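All remarks here apply to the structure that follows.
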Amino acid sequence: MQKTLHGLLFLGILLLFVFGFQSAASFNKRNEQQQITETIQKLTLKCYSIEGRCPTSIAYLKEHYGLLIDEEEYRVNYHYEGANIAPHIDVYKKGRIYENAS
């Protein structure tokens with residue numbers, strides 16, 4: 001009886017750890033998207049303050065300001081409005097497409 005109780009207690013603690021790690025990983029992924037958005041906004045402002053105009057594309061930020069984005073994980077929509085108007089930025093986590101192995 002005592003061994004069964006210890007086993008159930010161990011299993012319960014193990015499940016709590018697994019759930020905790022999954023929750024932390026999920027939070028980090030959501031936080032990552034926000035960090036990417038904020039980084040693009042900061043680099044856009046930096047470009048505007050140095051050059052007097054907003055960058056025309058993400059490629060410009062990559063080339064001239066060192067922006068790095070994991071393009072396998074994230075998709076960025078960067079809508080350029082004009083030289084003196086802040087762009088509209090959306091960052092999306094890409095979905096996974098699984099093919100049937102047969």
Side-chain angles (χ1 to χ4, degrees):
M1 179 72 179
Q2 192 173 13
K3 286 184 180 184
T4 305
L5 185 58
H6 285 262
L8 288 174
L9 183 61
F10 176 75
L11 184 61
I13 291 172
L14 183 63
L15 288 173
L16 283 174
F17 276 116
V18 169
F19 179 72
F21 285 126
Q22 288 176 341
S23 295
S26 175
F27 174 77
N28 284 339
K29 289 295 179 186
R30 286 191 305 264
N31 196 21
E32 236 175 59
Q33 283 178 265
Q34 184 63 30
Q35 287 177 340
I36 292 169
T37 302
E38 289 173 3
T39 299
I40 294 169
Q41 290 170 340
K42 287 177 184 177
L43 289 176
T44 299
L45 183 59
K46 182 177 182 177
C47 176
Y48 185 79
S49 65
I50 292 171
E51 299 179 21
R53 62 181 177 86
C54 290
T56 57
S57 67
I58 288 292
Y60 189 85
L61 288 175
K62 288 178 181 178
E63 183 178 337
H64 297 280
Y65 291 90
L67 176 65
L68 297 174
I69 298 172
D70 184 356
E71 293 180 9
E72 290 182 14
E73 291 287 326
Y74 296 97
R75 178 171 179 246
V76 177
N77 285 344
Y78 183 91
H79 183 68
Y80 177 74
E81 299 281 335
N84 63 347
I85 301 172
H88 182 76
I89 302 163
D90 290 310
V91 178
Y92 300 101
K93 177 108 172 103
K94 286 185 177 179
R96 299 283 185 208
I97 299 173
Y98 296 98
E99 294 181 15
N100 191 353
S102 52

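Remember, it's a predicted structure, so these values are computed and weren't measured experimentally.
In terms of hydrophobic clustering, with Ile, Leu, Val, Met, Phe, Trp and Tyr side chains grouped at heavy-atom distances under 4.5 Å, I50 and Y60 are assigned to a common cluster.
Counting all heavy atoms, side chain and backbone alike, Y48 lies closest to A83 at CE1-O, 3.6 Å. Contact record, C54 with C47: C-SG, 4.5 Å, taken as the closest heavy-atom pair. Across all their heavy atoms, E81 and A86 have their closest contact at CG-O, 3.8 Å.
Of the inter-residue distances, the one linking T39 atom OG1 with Q34 atom CD reads 10.0 Å to the nearest 0.5 angstrom. The line from NZ of K42 to OG1 of T44 is 12.0 Å long, rounded to the nearest 0.5 Å. To the nearest 0.5 angstrom, I89 atom CD1 is 11.5 Å from I36 atom CD1. For the atom pair OH of Y80 and OG of S57, the computed distance is 10.0 Å after rounding to the nearest 0.5 Å. Here L61 contributes atom CG and Y78 contributes atom OH; the two are 5.0 Å apart, rounded to the nearest 0.5 Å.
Side chains of I40 and I69 form a contact here, defined as non-hydrogen atoms less than 4.5 Å apart.
Y65 places no side-chain N or O within donor-acceptor distance of the main-chain N or O of K46, the cut-off being under 3.5 Å.
Few gaps surround CZ on R53; more than 12 heavy atoms of other groups in view lie less than 6.0 Å from it.
With Y74 as the aromatic partner, K94 does not meet the cation-pi criteria of under 6.0 angstrom to the ring centre and within 45 degrees of the ring axis.
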